[in-house]
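What follows is one structure encoded as structure tokens, with my remarks underneath.
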Protein chains: 2
Amino acid sequence: MSGKIESSRKTLSGAYQVILSVDCVVFGYDENDKELKILLIKNELEEFKGKWSLLGDILQSKETLEEAANRVLQFRTGLEDVYLEEVQTFSKPGRHPLGRVITLAYYSLIKIDDYELNVAKLDLEARWFNIKEIGELAFDHNEILAVCHERLKQRLREQPVGFSLLPRHFTLKQLQNLYETVLEVEFDKRNFRRKLKNMDVLMEKDGIQQDVAHRPAKLYAFDYDKYETLIRKGRHFAI
Amino acid sequence: MSGKIESSRKTLSGAYQVILSVDCVVFGYDENDKELKILLIKNELEEFKGKWSLLGDILQSKETLEEAANRVLQFRTGLEDVYLEEVQTFSKPGRHPLGRVITLAYYSLIKIDDYELNVAKLDLEARWFNIKEIGELAFDHNEILAVCHERLKQRLREQPVGFSLLPRHFTLKQLQNLYETVLEVEFDKRNFRRKLKNMDVLMEKDGIQQDVAHRPAKLYAFDYDKYETLIRKGRHFAI
DNA sequence: ACAAAAGTGTTTATTATACACCCATGT
DNA sequence: ACATGGGTGTATAATAAACACTTTTGT
């Protein structure tokens with residue numbers, strides 16, 4: 001490795017340049033199958049014929065990386081204002097067969113129902129995959145997926161991000177199912193509910209669950225103001 | 001923002017390219033003054049005359065970003081194998097006055113004593129600054145510093161990274177001082193020691209503190225094997 | 001003998017865990 | 001009436017927090 005330091009120069013002319021891309025692991029939670037899913041598209045490069053890829057694109061000149069990631073999400077899902085978090089770079093010199101492309105991995109959480117509403121309009125070649133049944137992806141996307149999945153699990157335990165995967169109104173059982181599925185653990189129903197009640201970050205909604213063949217459950221929504229109050233008190237969200 | 005998606009193309013020719021740099025917030029802990037310090041160098045661009053900068057450089061063709069960050073650290077401090085963590089990108093189009101330069105922020109933890117040993121050899125224009133007395137830096141480096149400082153505090157609470165800021169052998173008081181300085185809180189001595197004892201991640205060393213005008217304290221070192229055992233048991237390091 | 005920091009236990013409050021039954025609804 | 005999931009409380013264990021004195025060393 002060279003020990004030379006380039007930034008001592010007073011001009012940028014001739015400096016080594018790269019193509020920067022963003023790749024986004026789009027997570028969705030399927031309540032029927034109780035599965036965590038990710039959205040993939042067919043890759044178009046000869047080198048990766050038949051393989052699936054994460055949603056990505058090359059950074060454009062007038063946007064930040066986060067804006068690029070949002071643009072990709074908007075284009076591929078029709079959704080705006082989705083939860084998006086930068087994860088890390090993948091910069092091995094050989095990771096792209098056609099040249100030096102360095103990618104920034106993001107993960108995103110979307111309400112799978114909202115997405116389904118947009119599919120018809122978008123005429124997509126995208127598909128949802130159960131995260132447990134992902135084969136070999138293009139590029140280093142399996143590695144990116146693994147890192148993002150790990151990050152999601154970590155965040156889910158310490159930040160109120162899970163609500164981004166559920167409909168706006170949900171039952172406590174749905175919330176518990178989500179946590180159990182993604183974290184691959186089981187929680188005691190009473191303790192889980194007590195924990196939520198003690199943190200006091202949910203608001204009760206008026207309606208109740210519809211069309212179920214048993215006692216309908218109460219509906220809740222995440223209450224951001226209550227969450228801020230929790231944080232102001234120096235407490236943390238934790239499951 | 002354009003809604004076009006470029007990655008559908010089957011070639012990279014003509015794609016928008018950028019200069020990628022790494023910038024590293026180098027933290028050191030000064031035991032005498034009980035201060036968290038960072039290492040800065042004089043900026044050389046006309047636009048930032050007299051301002052100080054983080055340690056950085058432009059990514060070269062055959063290295064990863066992490067390798068670039070290590071190269072910068074090696075060049076500027078003479079140290080290898082220092083703790084280094086990727087934090088986040090800074091990609092606003094106008095952040096560099098001479099062109100589109102996107103930077104990857106890292107933070108690094110070094111043993112300030114080791115560094116001092118190397119200063120003579122290196123003939124550096126670098127200086128340590130108390131993190132509480134940082135003025136206006138070049139570029140968006142104040143923002144980068146703030147984000148990295150926040151990240152350090154967070155890591156210090158949940159990961160055994162603090163030991164990278166202390167000499168290999170340290171007293172429990174030194175460790176507590178470090179935590180109190182960086183986190184800006186105070187801990188009860190007995191509770192702090194009990195917590196460390198219960199986690200069982202330290203090994204006792206044979207020697208004792210030298211040249212102090214009071215009862216000399218026992219010396220300890222971080223024990224990575226014990227830490228791994230802790231993790232294997234499903235427990236976490238936390239202060 | 002004095003100064004200065006090292007080292008050490010107990011009590012109390014808080015939080016986490018384990019565990020089982022009755023309730024409301026649709027069929 | 002029965003099947004299905006909804007909803008609730010208590011006892012115990014583990015962890016965190018608050019708090020003060022004796023010990024060892026150098027001067």
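Residue numbering restarts at 1 for every chain, and letters A, B, ... go by the order of the sequence lines.
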Between D/dT24, D/dC19, C/dT8, which one does the side chain of B/K189 approach most closely? C/dT8
Ignoring the backbone of A/N191, work out which of C/dT25, C/dA4, D/dG9 is nearest its side chain. D/dG9
Side chain of A/R215, heavy atoms from C-beta onward: which of D/dT25, C/dC23, D/dA17 has the nearest atom to it? C/dC23
A/R151 bridged to A/E86 by N-O distance under 4.0 Å: no
Among the nucleotides C/dT25, C/dA6, D/dT8, which one has an atom lying closest to any side-chain atom of A/R190? D/dT8
Any A/R235 side-chain N or O less than 4.0 Å from OP1/OP2 of C/dT15: yes
Over how many whole Å does the gap from A/Q209 atom CD to C/dG26 atom C1' extend? 13 Å
Quick check on DNA chain C: between B/R194 and B/T171, whose nearest nucleotide comes earlier from the 5' end? B/T171
Does this structure show an ion pair linking B/E125 with B/R76, if we count only N-O contacts that are shorter than 4.0 Å? yes
For B/A213 and A/Y220, find the nucleotide of DNA chain D closest to each by heavy atoms; which residue's nucleotide sits nearer the 5' end? A/Y220
Scan A/K195 against the nucleic acid and name what it touches under 4.0 Å (heavy atoms): base, sugar-phosphate only, or nothing. nothing
Between A/F163 and A/F170, does the ring centre distance come in under 6.0 Å? yes
Whole-Å gap separating P (D/dT15) and CD1 (B/I239): 15 Å
So, is A/R193 near the phosphate of D/dG7, with a side-chain N or O under 4.0 Å from OP1 or OP2? yes
Please give, in whole Å, the distance from C/dT15 C1' to A/F187 CZ? 16 Å
Run the salt-bridge test on B/D114 and B/R168 with the 4.0 Å N-O cut-off and return the result as yes or no. yes
